[in-house]
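Scroll down for the structure; my scribbles are underneath it.
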Amino acid sequence: MRIDRLKREQLRLNSRVRIEKLKNRIKYIAGVDVGRNQTMLFGAVVVLSFPELQILESTWAKVQERLPYIPGYLSFREVPVILRAYKKLKRRPELILVDGQGIAHPRRFGLATHLGVLLDLPTIGCAKSHLWGDYQMPALRRGSFEFLRFNGERIGLVLRTRDGVKPLFVSPGHRVDFEDCRDYVLNSTTRYRIPEPLRQAHRLATERARGWDV
DNA sequence: GCGACAG
DNA sequence: ATCTTGTCGC
């Protein structure tokens, strides 16, 4: 079956994943997201200054959808259009926030990890809901978190980005560690649940998707 | 067989 | 992901 080939590809690229502390101080942070309209996928990338969080540049691209959404294989559906948009950027972000899981995935290869490995750039997965791992609900205060675990091993964190609001499922994508995940997600989140780079990428992706009529 | 299941 | 009005709570 075709899914078996995708699974083998995840396992093959898996050996390149590195979970380690970010080396450099970040000045450019990006957010990427994908929107849909009929059979078209719209990928958006927005680069912001850090820690000011001012928008510096944004690009987008559209492509025909190739695969349906299959839990565990989201990256094969969304990575192509994200790469297309990414290539149009002039600036090179030093860290990318991705709408989806990092290593908090059945084969430790979620969308953020897949993108990070292909670009060989630091990435953090920020999912709005749970996919993999066990956890306890964190306290209600912004900044509170609990580790996401699989067989006792840490694979991410459930992080409260706003007081009393549903937490985010954050996990290392590539070249970052758990502490980086907490630091950068919290420091790029202002008055909403979603970190600013992702909010902006989502705005652009849905705006392009809605304005598209075959 | 049953429940879970990023976007 | 996307479709959508009202509504609950600070």
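In the text below, chain A, chain B and the rest are named by the order of the sequence lines, each starting its count at 1.
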Nearest whole angstrom, please: distance from the [atom2] of [N] to the [atom1] of [X].
| X | N | atom1 | atom2 | result |
| --- | --- | --- | --- | --- |
| A:F150 | B:dA6 | CZ | C1' | 16 Å |
| A:D99 | C:dA1 | CG | C1' | 10 Å |
| A:R107 | B:dA6 | CZ | P | 13 Å |
| A:Q10 | B:dA6 | CD | C1' | 12 Å |
| A:Q101 | C:dA1 | CD | P | 13 Å |
| A:I70 | B:dA6 | CD1 | P | 13 Å |
| A:H105 | B:dG7 | NE2 | P | 13 Å |
| A:R191 | C:dC10 | CZ | P | 17 Å |

With sequence neighbours left out, what residues match A:E20 under side chain to side chain donor-acceptor pair (under 3.5 Å)? A:R18

Heavy atoms under 4.0 Å, any strand shown: does A:Y73 hit a base, just sugar-phosphate, or nothing?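 Contact class for A:Y73: base.
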
Over 60° means perpendicular and under 30° means parallel, so tell me whether A:F50 and A:Y184 are parallel, tilted or perpendicular. tilted

Parallel, tilted or perpendicular: which fits the ring planes of A:Y135 and A:F169, with parallel below 30° and perpendicular above 60°?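 The rings of A:Y135 and A:F169 stand perpendicular, inter-plane angle above 60°.
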
What I want to find out is whether [X] reaches [Y] closely enough, with some N-O distance under 4.0 Å, to be called a salt bridge.
| X | Y | answer |
| --- | --- | --- |
| A:D33 | A:R203 | no |
| A:E94 | A:K27 | no |
| A:R199 | A:E196 | yes |

Evaluate whether atom CD of A:Q136 has more than 12 neighbouring non-hydrogen atoms of other residues, nucleotides or ligands under 6.0 angstrom away. no

So if I define the base as every atom that isn't primed, P, OP1 or OP2, how would nucleotides 2-7 of chain C read as a B/S/- string at a heavy-atom cutoff under 4.0 Å? S-----

Using modelled atom types and a 3.5 Å cut-off, is there a donor and acceptor pairing between side-chain atoms of A:E57 and backbone atoms of A:K90? yes

Annotated structure of DNA chain C as dot-bracket, pair cut-off 3.5 Å, Watson-Crick or G-U only, | for inter-strand, is ..........

Pairing residues for A:P138 by the side-chain contact (heavy atoms from CB on, under 4.5 Å) criterion, not counting sequence neighbours: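 By the side-chain contact (heavy atoms from CB on, under 4.5 Å) rule, A:P138 matches A:S144, A:E146, A:V158, A:R160, A:P167.
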
Among all residues two or more places apart in sequence or in another chain, which pass the side-chain contact (heavy atoms from CB on, under 4.5 Å) test with A:V17?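 Listed in chain order: A:N14, A:I19, A:I103, A:F109, A:T113, A:V117, A:H174.
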
Residues A:T39 and A:Q64: side-chain donor-acceptor under 3.5 angstrom: yes

Residues in residues 109-147 of chain A with a heavy atom under 4.0 Å of DNA chain B, by number, are A:G110, A:L111, A:A127, A:K128, A:S129, A:H130, A:L131

